[in-house]
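In this text the structure is predicted, and so the values were computed from the model without any measurement. Every chain is numbered from 1, with letters handed out A, B, ... down the list of sequences.
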Protein chains: 2
Amino acid sequence: MTQQQQQTHPRREEFIERFRRLGLRVTAQRVLVLEALAAAGGHMTADEIMRWVAERYPAINLATIYRTLDLLTSVGLVTQADLGGGASQFELVGATLHHHLVCERCGDMAEIEDALMVPMRERILHQYGFRAGARHMAIFGVCDACLSASRVPALAPGAAETSPASE
Amino acid sequence: MTQQQQQTHPRREEFIERFRRLGLRVTAQRVLVLEALAAAGGHMTADEIMRWVAERYPAINLATIYRTLDLLTSVGLVTQADLGGGASQFELVGATLHHHLVCERCGDMAEIEDALMVPMRERILHQYGFRAGARHMAIFGVCDACLSASRVPALAPGAAETSPASE
DNA sequence: ATCGCTGCAAAAGTTTTGCAGTCGC
DNA sequence: GCGACTGCAAAACTTTTGCAGCGAT
């Protein structure tokens, strides 16, 4: 056995290989961005990636993170989704396919399996020629808790009386 | 779609009534924000609303627009969706129900009718207790044009020996 | 040695917040 | 008149960009 292979970077070689095949230069920064996303196993903001990478490569710069994410997205290795929290969420393609339920009221986020989407996706593809959520999807709505509460959460001072609004 | 009422006195009285019922103060600024959204008939950014209102109420301030939109969203009169274009999109609840297909490649945006979503929505509601996209939904994917142009099917790593996009 | 990539810094754009004055109720 | 609401200004953030130098190939 050559060297014991830490489970922390089981995919480094794979990532490097991908860069090479795409004709892109292999840099420590780029590989680390992919490793960060792989380590998280889910979605991360640019800032979260920044901090993860900075622990291994302190000279990293946030602009580089953004440029790398932009590049990775454009070649299809990473998905970017705006889930309404101010900062975009990035995710490694190939992770377990799932989507996000984002609550418009409380901002809470849940994940749902992809299987639920398949029928709808096929219909969209046929009718609109749009490959919907092949990778990532954000679904806005109202979560269970807020549905039950059905009331304005701590914002409107005198608004706790009738049940208006809905049609 | 149904014929709208005359545009002279659009829905001002209705809007005022809603504020009253919610126990919120009725101000010219708030009513104008709702009128802007009603006039647009679709989604607007905070800045677009700002400019529309400013034509009728020059003293308006962008901070007020944001505070008003925040309030309106929290009481369910307005939806906010982040479609990935930098600024959030706001829309009056009750407009023709539709959703957005946002292309991850070119940023292009298309609208689809709500009917396509109904089955999926019901399944999500039953299984997750989440009222999905009752009002607004963002679906990320790849549009027709980008699909034909630079076909990158799913997650094929070795699919590209073509020179990648280095913007 | 080339030229793509990075770090740095500053800008651009969006959204939030503190505060004093105003206006709806 | 009280207190919610607004205008103003500045801050807090996220993301982008110009440029000089470094480094992968």
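Nucleotide C/dT6 holds its C1' atom 15 Å from the CG atom of A/L69, rounded to whole Å.
B/Q89 has its side chain within reach of B/T45: a pair of non-hydrogen atoms, C-beta onward, lies under 4.5 Å apart.
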With a 3.5 Å cut-off and sequence neighbours excluded, list the donor-acceptor pairs that the side chains of residues 57-65 of chain B form with protein atoms.
{"residue": "B/Y57", "atom": "OH", "partner": "B/Q29", "partner atom": "NE2", "Å": "3.2"}
{"residue": "B/N61", "atom": "OD1", "partner": "B/A63", "partner atom": "N", "Å": "2.8"}

Each base of DNA chain D marked ( ) or [ ] if paired in-strand (Watson-Crick or G-U under 3.5 Å), | if paired to another strand and . if unpaired gives |||||||||||||||||||||||||
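Scanning all heavy atoms of the two residues, the minimum distance from A/A36 to A/V53 falls at CB-CG2, 4.3 Å.
With sequence neighbours left out, the salt bridge (charged side-chain N to carboxylate O under 4.0 Å, His left out) criterion links B/R51 to B/D47. B/R56 is linked by a side-chain contact (heavy atoms from CB on, under 4.5 Å) to B/L32, B/W52, counting only residues two or more places apart in sequence or in another chain. Shown here are the side-chain contact (heavy atoms from CB on, under 4.5 Å) partners of A/E14, two or more places apart in sequence or in another chain: A/R11, A/R18. For B/S88, the side chain to side chain donor-acceptor pair (under 3.5 Å) test picks out B/Q80, with sequence neighbours left out. In this structure B/E35 satisfies the side chain to side chain donor-acceptor pair (under 3.5 Å) test together with B/R12, sequence neighbours excluded.
At the heavy-atom level, B/F19 lies nowhere under 4.0 Å from the strands shown. Within the nucleic acid shown, A/S88 comes within 4.0 Å of sugar-phosphate atoms alone, with no base atom in reach, counting heavy atoms only.
The phosphate of C/dG7 (OP1 or OP2) has a side-chain N or O of A/Q29 nearer than 4.0 angstrom.
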Given protein heavy atoms under 4.0 Å, the one-letter contact record of nucleotides 16-25 of chain D, with B base, S sugar-phosphate only and - none, is simply BBB----BBS
